[in-house]
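One structure is given below, encoded as structure tokens.
Please read all numbers here as calculations on a predicted model, not as lab measurements.
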Amino acid sequence: MTFKRLAAPNILPPVAPEKPFQQTHHGYVLADEFHWLKDADYPDVKNTDILDYLNQENTYFKQVMQPHETLVETLFTEFKNREQPVETSVPWRENGFEYRWYFPENAEYRIWARTAVNTNNEQILLDENIESANTEFYTLSHLSISPNNRYMAWSVDDTGSERFTIYIKDLQDDCQLVEVITQTSGEIEWSQNSTGFFYTLVSEEWRPYQVQYHELHTAITRDKIIYTEQDQSYFVGIDKTQSAEFLLISTGSHTTNEVYIVPSASPLQPLELMAGREHNMQYDVDHAQGYFYIRTNDQHENFRIAKTAQNTPELKAWQTWITGSDTHYITGLVSFATYAAIELRVDGLAQIQIKPYQGEAHYIQFDETAFAAHIGNNPEFDPAFLRINYGSMITPNSVYDYHVNNQTLTLKKTQQIPSGYDKDQYITERLWAKAKDGAKIPISIVYKKGFIADGSRPMHLYGYGAYAMAMEPEFSKTALSLLDRGFSYAIAHIRGGDEMGYNWYTQGKLAQRQNTFSDFIDCAEYLIAEKYVSRGNISISGRSAGGELMGAVTVQNPDLWRSVILGVPFVDVLNTMLDDSLPLTPIEWPEWGNPLADKSDYELIASYSPYDNIKQQAYPPMMVTGGLNDPRVTYWEPAKWTAKMRKLKTDQHLLVMRMHMGAGHFSSSGRFARLKDDAEEFTFMLLAHGITA
């Protein structure tokens, strides 16, 4: 069966000028005629030639989409009608107050509020709609209340650069303090006496590198430096144990970290190291009833849980509490007063185990065979119940309270679909594709009842496959617009993620990176063989490292896809890994390899780097997205990909790029503005399948 590809309209697309540039590494000459799109003053992008080109691409995108505005608006309306006009969170209790957030009717952003327990006097803490009124982009990172309930500190990014500014308010006097802290990562952790808090500064290159302590009502210039990380490949983060007795400073790369502890009652006393980076392991820490509980991969790649008395935190004192397992992959741990809640994966499914400090462990039971369950918002140390989040591809995201003593679940909230949703009209399956090397790759798929597996229906296939980040079989409100138009929607749980254990991740990185791309292609081939779809009728998408996946499978097997959406795509892998001045490059070397220092790493990355492997051939229709202020995947990666693809592709298929000029990695920030972005991307996908309504 042959499918018609979406052709470009009779509008001349931009043509980026070519400017000779080359560099030499390990005897190889790397030429890049679009290197000039990388502004030398980044993150301050003011080069007029670069801005002109990006604006030309945006103009072309608008011209191409303009005749299809009706479809964009139809989809946007469908998406918006699935959102609650007024929506509120499940309230949570903390330190004598009940907190909630809510969206006022049709508002883009949340309002945060609290009510003292056993009263009815609700206090508005922060209205994001007012705060964001004069900015194109707005993201709240942390909103943190001091232990004495008097002060609130919150962190905001209003450019998309992920450089957060911290503000402080006295809630008793209802006045904002004069202290404003800029260039932070957004994290805030209060001392026990409420006189100050820890925060983390980011460098000019956007690396979180230094922890400082701010004393309220003092000048920022007097803030005390608590910890500075000199290693360019390590990022610093801060946290607090569930017991609130200890503050934690963690510094690490993708493969190794170390944790320092300090009592939250004495935040300025010397830090104590638990296990140093020389042990080449990963671990994270919680605390309860005089013990530290540590999730670590020092003895098993799927992690064990150790415990040690709080007065002997050093590694040599750690004793195994839960052993590592080939079949049970431990992914998270929260230590409450009488039990630990443990997140793990069994056969690729995210589950929760309750492990009392005294007594037998048990799993929280659910009716569905394919789902994702995670520990939810539980700020209290000794809660009356465990709040959890649950969902599947046909079950909207739900919040439950799990009563540990009698092992019962109470449903507190299910994501509502105001326009209507009948779960019984949709079917989900868990399939297993066979990779070229024999590995069995899970696929989650959903479709509407009446779907016939005869190869006649279109499919949207999604993937990520990196950083040990699992793609859950979760409910998608936007995907309903595809399912109701006859599509199936599938997620390929490929190597590089950690769905099937930590080894699933390591089999998709460094020298085995090609497994990720081959797995995705093998999943498509399996779905074709099983007649869920026909060759050439699959539209694919992925973001960030998933955008790199899209670029690789497009270059390696262009005939397989009906259309491709590359979201903020990490496609210029070789050039990025060669530039150690970029914020993410040194910390990324353990993930991708270091082509600066190692010839074999250079050769490996050059073999698959999507940008470097574009060649003269026909490609499927493509939509590329980016953000000018993106610190994770810099704007020039999607821009260079688009420019080079325009130069070399031999087809007349549509290629467009949408570059957000006032946002970063996560596109538009408002809940409805983000839906408009989705509507444009879905419009592109539907048009590629010949669907115009």
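Between R543 and E681, no side-chain nitrogen of the basic residue sits less than 4.0 Å from a carboxylate oxygen of the acidic one, so the salt-bridge criterion is not met. Salt-bridge check for K423 with E368: passed, with a basic side-chain N closer than 4.0 Å to an acidic carboxylate O.
Each of D572, D32, T576 was evaluated against Y611; a single residue qualifies, D32, per the side chain to side chain donor-acceptor pair (under 3.5 Å) test.
Looking at residues two or more places apart in sequence or on another chain, you find a ring-ring contact (aromatic ring centres under 6.0 Å, His included) between F371 and F366, Y390. Residues meeting the salt bridge (Lys or Arg N to Asp or Glu O under 4.0 Å) test with E429, sequence neighbours left out: none. In this view, F517 and Y608 satisfy the ring-ring contact (aromatic ring centres under 6.0 Å, His included) rule, not counting sequence neighbours. Every residue two or more places apart in sequence or in another chain was checked for a ring-ring contact (aromatic ring centres under 6.0 Å, His included) with F61, and none qualifies. Y421 is linked by a ring-ring contact (aromatic ring centres under 6.0 Å, His included) to Y426, F475, counting only residues two or more places apart in sequence or in another chain.
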Show, in sequence, the C-alpha distance, side-chain angles and deciding distance for F164 and H142, and conclude whether the ring-ring contact (aromatic ring centres under 6.0 Å, His included) test is met. CA-CA 10 Å; F164 292 86; H142 281 63; 8.2 Å; no
Given W154 and Y138, is the ring-ring contact (aromatic ring centres under 6.0 Å, His included) satisfied, shown in steps? CA-CA 13 Å; W154 71 102; Y138 181 92; 9.9 Å; no
Checking side chain to side chain contact (heavy atoms under 4.5 Å, CB included) for the pair I528/I538: CA distance, chi angles, key distance, verdict? CA-CA 9 Å; I528 292 166; I538 307 173; 4.2 Å; yes
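Residues R430 and L349 form a side-chain contact, since some pair of their non-hydrogen atoms from C-beta on lies under 4.5 Å apart.
Each ring-ring contact (aromatic ring centres under 6.0 Å, His included) pair with one or both residues in residues 445-468, not counting sequence neighbours, appears once here: H254-Y467, Y447-F451, H460-Y489, Y467-W592.
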